[in-house]
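Given the structure is predicted, the values throughout are model-derived calculations rather than measurements. Lettering of chains follows the sequences in order, A, B, ..., and the numbering in each one begins at 1.
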There are 2 protein chains.
Amino acid sequence: MTPLPRSTRPTMNDVAKLADVSLKTVSRVVNGTESVSAAKAVRVEAAIRELGFRRNEQARQLRQGTTATIGLIIEDLADPFYSTLARAVEEVAHAHHHALLVSSSAEDPRRAEALVRSLSGRGIDGLIITPAEGMDPRVLAAEGEAGCSLVFVDRPSVDVDADTVLVDNRGGTAAGVRHLLAAGHRRIAFVGDTASLYTAQERRIGYLEALETAGIERDDNLVLMANPAAPESGEAFLALLDRDNPPTAILSGNNRWSVRVVRLLRQRGASIALVGFDDFELADALEPPVSVVAQDPAAVGRLAAELLFSRLAGDTGPRQHIQLGATLIPRGSGERAPR
Amino acid sequence: MTPLPRSTRPTMNDVAKLADVSLKTVSRVVNGTESVSAAKAVRVEAAIRELGFRRNEQARQLRQGTTATIGLIIEDLADPFYSTLARAVEEVAHAHHHALLVSSSAEDPRRAEALVRSLSGRGIDGLIITPAEGMDPRVLAAEGEAGCSLVFVDRPSVDVDADTVLVDNRGGTAAGVRHLLAAGHRRIAFVGDTASLYTAQERRIGYLEALETAGIERDDNLVLMANPAAPESGEAFLALLDRDNPPTAILSGNNRWSVRVVRLLRQRGASIALVGFDDFELADALEPPVSVVAQDPAAVGRLAAELLFSRLAGDTGPRQHIQLGATLIPRGSGERAPR
DNA sequence: CTGTTAGCGCCTTCAG
DNA sequence: CTGAAGGCGCTAACAG
């Protein structure tokens, strides 16, 4: 196989020849670190322009052992929560002159492991990751040892201690439940994502804790943990509404469930109190507007990225575990009294 | 500055020493291309496991002149249209064992140029880009010459001929307008993004063409071109509603305007026919549900990526200019009769 | 201020 | 089947 023509991109050597100076002098001019006599600098610059030379970052990076690139592995880039987070990470990376490699693990632990290896092999300087449930922790531990800084977002990883940025899932959900309790509700259902997900589990715990604090007996029949994207989940939710002694309010555990609940209630013509965890677009324009406990995905991304860059800059302080608050936004649906 | 310890990641040389074979033999085992005697292969594999060796992709890429990485530059990763597109690109890239570098140009032509240079310097094999308005075409042309395949999405680039995937903005908007005409409207407003944007301009033209075909006299007072995110745009929109002989229907030119229009109409308590270009989440759950002309951002991303990979695989056929259709989805808001 | 030498980690000749 | 030598493009270390 031919070594790929790679077109004819000029190298420093070409520039050096044309300007009739040494390779190193070109390097000095390009990087502007050391001083070069004005005469030669001008010749070099002219040669650079003439040839359209641009420094080959790959070669530079191989030499320096750094890539000026960080990686981001999330569940799903198409999910508004993660795309907002990714945008914030990108902005911080850009400010630090780093590029961003983004990948979605799609909740598949094997794929997540492969992505970590793939990004790592490309020599990223750091990695921000939402660890997929069921990942082999050794894959991540290996990164830490390989000198690649690691920050977890949205969930911690089992068995790997690294900087972590997450949201106060329990406290936020509990606040949502208390809001419904204050409106007079006593039978509040919790509708969350698959029980295997960390955030879903934490939010369920927050829900239970708030009920317990209020002295309300726990009723597991009011808890539904299921994938909001699965068709059968809709029926499970409707069954929840149709049982004897049905709930008068719903705490939905993420925005995908909130959206689905809104649609299902709408089809039913049912009006029942609702508070959703995680805000979503147009929640304020629905009828009634949906009250939510809002996270700040951009803040999660920004803090994670800033933490990562502080590590890359040499900060060797103790591991940080940052927990961001979640804010209740009353809009109408959560203030309805029980029927 | 110390040359960064880069921790102690083992190299092929380390593996070779431990297995007591030559560097080249390790290379052969790692890449599995040429055959190696079983005995040595076993020793090498054991050494690889023991050291936790993983091939340094950077070095490999420098040698081979390919990075197995493609770049994607869009306006804003946090915008649902672009994040969905990006997700689709990522999926195709993953299927081709390529990583994806993502960057948002934030509508800033200088930033977009810097991003192109930055990604290009990292040696990406191909680039998918939504060219920012006002970019220097030479920056992009240079990529083509440097042997980096280029695909434009969502808009074409001036002065640079490359593969392009875009949506039928004119036809889609015209279909939306015809839908409103069929419901009996004669005074239809067009509310689009800043006039300098390609898609906004195309949609405005589609709107005008549909009116002309229907024999309706053009009224430029019914056209508003403004940034949907700017505060003053809201007032401009309300002024449109308050003028003498106001419109009985609105064609909104993108999803950000649609969302804003929905909110403004809601605040006003006004009920007026509406069709939006580009679908958005929960459009079906609003009151009334919003009729839209839907694009398929995932299809745009997928086709662009597939086109790019076919080029990388050696397809040297003529430039392709793919135009995807847009689909009218009637939901209620566009079927209202004029008052 | 300038140039030479060496080598980052790997792959590709080309001899054994 | 195996190994030695050379180089991808660049930068660090050391001379002049």
field: Pairs where residues 99-109 of chain B contributes a residue and the test salt bridge (charged side-chain N to carboxylate O under 4.0 Å, His left out) is met, not counting sequence neighbours
entry: Glu107(B)-Arg155(B)
- prompt: Over how many whole Å does the gap from Gln58(A) atom CD to dG7(D) atom C1' extend?
  reply: 15 Å
- prompt: Does a donor on one side chain and an acceptor on the other come within less than 3.5 Å for Thr69(A) and Arg122(B)?
  reply: yes
query: Should Val300(B) and Val167(B) count as side-chain neighbours, where that means a heavy-atom distance under 4.5 Å?
result: yes
query: Do Ser104(B) and Arg87(A) come close enough that some side-chain heavy atom pair is under 4.5 Å?
result: yes
- prompt: Angle, rounded to 10°, between the helical axes spanning five pairs at each terminus of the helix from dC1(C)-dG16(D) to dG16(C)-dC1(D)?
  reply: 40°
- prompt: Looking at side-chain heavy atoms only, is the closest gap between Leu307(B) and Ile128(B) below 4.5 Å?
  reply: no
- request: Could you tell me the separation between the NZ atom of Lys17(A) and the P atom of dG9(D), rounded to a whole number of Å?
  value: 11 Å
task: Grab the CD-P distance between Glu57(B) and dC11(C) for me, whole Å please.
output: 8 Å
- prompt: Counting just side-chain N and O atoms, does Ser27(B) come under 4.0 Å of either OP1 or OP2 of dC11(C)?
  reply: yes
Which residues share a ring pair (Phe, Tyr, Trp, His ring centres under 6.0 Å) with His98(B), sequence neighbours left out: Phe309(B)
field: Spacing between Arg122(A) atom CZ and dG9(C) atom P, to the nearest angstrom
entry: 18 Å
message: A side-chain contact here means heavy atoms from C-beta on lying under 4.5 Å apart; do Leu119(B) and Leu127(B) qualify?
response: yes
message: Rounding to an integer number of Å, can you tell me how far Met12(A) CE sits from dC8(D) P?
response: 14 Å
task: Round to a whole Å and report the spacing from NZ of Lys40(A) to C1' of dC1(C).
output: 8 Å
- request: Find the distance Gln61(B):CD to dG9(D):C1' and express it as a whole number of Å.
  value: 14 Å
- prompt: What residues, two or more places apart in sequence or in another chain, satisfy salt bridge (Lys or Arg N to Asp or Glu O under 4.0 Å) together with Arg117(A)?
  reply: none
query: Tell me the side-chain hydrogen bond (donor to acceptor under 3.5 Å, both in side chains) pairs involving residues 126-138 of chain B, sequence neighbours left out?
result: Asp136(B)-Arg138(B)
- prompt: Reckon Val30(A) touches a base, only the sugar-phosphate, or nothing at all at heavy-atom distances under 4.0 Å?
  reply: nothing
task: Could you please name the option among dT2(D), dC10(D), dC10(C) that lies closest to any side-chain atom of Arg60(B)?
output: dC10(C)
Which protein N or O atoms sit under 3.5 Å from an N or O of nucleotides 4-8 of chain C?
{"from": "dG7(C)", "atom 1": "N2", "to": "Arg63(A)", "atom 2": "NH1", "distance (Å)": "3.0"}
{"from": "dG7(C)", "atom 1": "N3", "to": "Arg63(A)", "atom 2": "NH1", "distance (Å)": "3.4"}

